[in-house]
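All remarks here apply to the structure that follows.
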Number of protein chains: 2
Amino acid sequence: MPRSDALRNRAKVLAAAEAVLAEQGLTARMDAIAARAGVGVGTVYRHFATKEALWQAIVEARVDALLAEAERLRAEADPATAFFTFFGRIVADAAAKKAYTDGLRDAGIDVKDGQGRQIAAMRAAITGLLTRAQAVGAVRGDVALPEVLALLRGASLAAETGDFPPIALEVIVTGLRAGAG
Amino acid sequence: MPRSDALRNRAKVLAAAEAVLAEQGLTARMDAIAARAGVGVGTVYRHFATKEALWQAIVEARVDALLAEAERLRAEADPATAFFTFFGRIVADAAAKKAYTDGLRDAGIDVKDGQGRQIAAMRAAITGLLTRAQAVGAVRGDVALPEVLALLRGASLAAETGDFPPIALEVIVTGLRAGAG
DNA sequence: CACTATACGGAATCTCGATTCCGCTTGCTC
DNA sequence: GAGCAAGCGGAATCGAGATTCCGTATAGTG
């Protein structure tokens, strides 16, 4: 079993990294994270072999949180509400945590291994919510997963890199609804 | 006056840089550009003091092309066509030329000096097309420049980082039209 | 409380790509 | 076609940051 201080430090590093990455994105420096955690760089590396590993740990946690949210929304009575709430949640999440979406494409951090399962789960979750919403005529029938993902990616990236006004989001939502029922 | 070969090389570098940056984005290496141009790195630097300068030269040219397009569209009889054509053109442009949008935010390359005028011109052009489209009831009245820019940025970034299906674009267009007239 | 196996801090090292430098070429002038 | 300034190629230099290393500190154990 790990020493108690090691456990404590691991948590501190994770929290610091989450905060720093949220505000600075991928360019955040390792020493900045270490400093924020009140720890030496060496310690950061003892817990996470590389910057990418640390990054992945955080993104994974984030995605898990979103998946949990999706799970919760499956219980929602109104499919339209469920779908659009999830859509908005992802965008809001991206706005708050910089470079969240970056992680999925930028050099270095590729979609791989363990994350593969998460990606699959996320796609499944979105497809589920989408299908239900379309079934009740709340979303136009000619959009499928690729379109939703593209819109999600776009809105998230926009939110990360600057302002994404509520009305802009509403335009997309309206567009998705239009002529559906 | 510059020597003839210098002129020739400058053009070669510019073309190579455009191509390389289009496919690799900001992370493209200077030697890759030099190699593509069939020239030594030193030559690249003699013509463009820094990577950023080279980058700016290219982006500026691109923006000028878009501005020219906007100018042309001002003559278009149907304001709706003019506005949506321009919107689509920008997104298509971004899809073809990677990291085009990046340039406007990523570290290093900041919006400054000379580009400032271009930015202003672009905002003016979009505002003009938007206002006209709204005047004839082709675009909902509650969206303004910030919303359009956010949507444009999102769609462009999405197109740059992956696929942006036609239907996704149509969703946005529909959303902009909805309930306008 | 002594003893270690674990952890720690953070300076030193390594890596990678931008930028500089300089001896060699080549276009242009007379 | 000789002279030379403008250009060129590309190896060497720099800088920024990630990663490693190792002497020191400390939790856990008897």
Side-chain angles (χ1 to χ4, degrees), chain A residues 1-59 98-99 102-103 105-110 112, chain B residues 1-59 98-99 102-103 105-110 112:
Chain A
M1 60 208 93
R3 245 165 60 172
S4 62
D5 58 343
L7 250 43
R8 199 168 26 256
N9 277 331
R10 182 174 219 283
K12 281 200 292 184
V13 168
L14 217 40
E18 170 126 25
V20 173
L21 286 175
E23 60 192 42
Q24 305 188 8
L26 280 163
T27 52
R29 298 209 273 138
M30 288 304 258
D31 25 5
I33 292 172
R36 176 87 140 236
V39 131
V41 250
T43 298
V44 173
Y45 277 93
R46 191 149 324 84
H47 292 297
F48 302 93
T50 144
K51 188 182 182 178
E52 179 183 345
L54 174 53
W55 178 251
Q56 282 198 344
I58 289 173
V59 170
K98 253 188 154 183
D102 274 6
R105 52 132 189 171
D106 257 47
I109 294 82
D110 242 26
K112 59 176 99 145
Chain B
M1 59 207 95
R3 245 166 58 171
S4 63
D5 58 343
L7 249 42
R8 199 167 27 254
N9 279 330
R10 182 176 219 282
K12 282 200 290 184
V13 168
L14 216 41
E18 171 126 24
V20 174
L21 286 174
E23 59 192 43
Q24 305 187 8
L26 281 162
T27 51
R29 299 209 274 140
M30 289 304 257
D31 22 4
I33 292 172
R36 176 87 141 234
V39 133
V41 252
T43 298
V44 173
Y45 278 94
R46 189 146 326 83
H47 293 297
F48 302 93
T50 140
K51 186 181 183 178
E52 178 183 346
L54 175 52
W55 178 250
Q56 282 198 342
I58 289 172
V59 170
K98 252 190 156 183
D102 275 6
R105 54 134 187 170
D106 257 46
I109 296 82
D110 242 26
K112 58 177 99 144

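Keep in mind that this is a model prediction, so the values were computed, not measured. In what follows, chains carry the letters A, B, and so on, assigned in the order in which the sequence lines appear, proteins first and then strands, with residues in each chain numbered from 1.
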Inter-axis angle, terminal five-pair segments of the helix from C:dC1-D:dG30 to C:dC30-D:dG1 [nearest 10°]: 0°

Looking at [X] and [Y], what are the two nearest heavy atoms and their distance?
X	Y	answer
B:Ala16	B:Ile33	CB-O, 3.7 Å
A:Thr50	A:Met30	C-CE, 4.3 Å
A:Ala19	A:Arg36	CB-NH2, 3.3 Å
A:Phe48	A:Ala57	CE2-CB, 4.0 Å
A:Ala32	A:Val20	O-CG2, 4.4 Å
B:Arg3	B:Asp5	NH2-OD2, 3.0 Å

Just how far, in rounded Å, is [atom2] of [N] from [atom1] of [X]?
X	N	atom1	atom2	answer
B:Arg10	D:dG7	CZ	P	12 Å
B:Phe48	C:dT20	CZ	C1'	18 Å
A:Ile33	C:dG10	CD1	C1'	16 Å
B:Tyr45	D:dC14	OH	C1'	12 Å

Interatomic distance, [X] atom [atom1] to [Y] atom [atom2] [nearest 0.5 angstrom]:
X	Y	atom1	atom2	answer
B:Glu18	B:Leu54	CD	CG	10.0 Å
A:Thr27	A:Leu21	OG1	CG	9.0 Å
B:Arg46	B:Thr43	CZ	OG1	5.0 Å

With a 4.0 Å cutoff (strictly under), does any side-chain N or O of [X] reach OP1 or OP2 of [N]?
X	N	result
A:Thr50	D:dT19	yes
B:Thr43	D:dG7	no
A:Asn9	C:dA7	no
B:His47	D:dC8	yes

Anything under 3.5 Å between a protein N or O and an N or O of nucleotides 11-17 of chain C, put it in a table, one pair a line.
none

Write out a two-atom table: protein N or O, nucleotide N or O from nucleotides 1-6 of chain C, distance below 3.5 Å.
unit_1	atom_1	unit_2	atom_2	d
C:dT6	O2	A:Arg3	NH1	2.1

Test item: B:Val59 and B:Gln56 side chains (from C-beta on) under 4.5 Å apart, heavy atoms: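 No, side chains not in contact.
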
Which residue lies more 5' along DNA chain C, comparing B:Arg8 with B:Arg46 via nearest heavy atoms: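 Counting from the 5' end, the first nearest nucleotide belongs to B:Arg46.
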
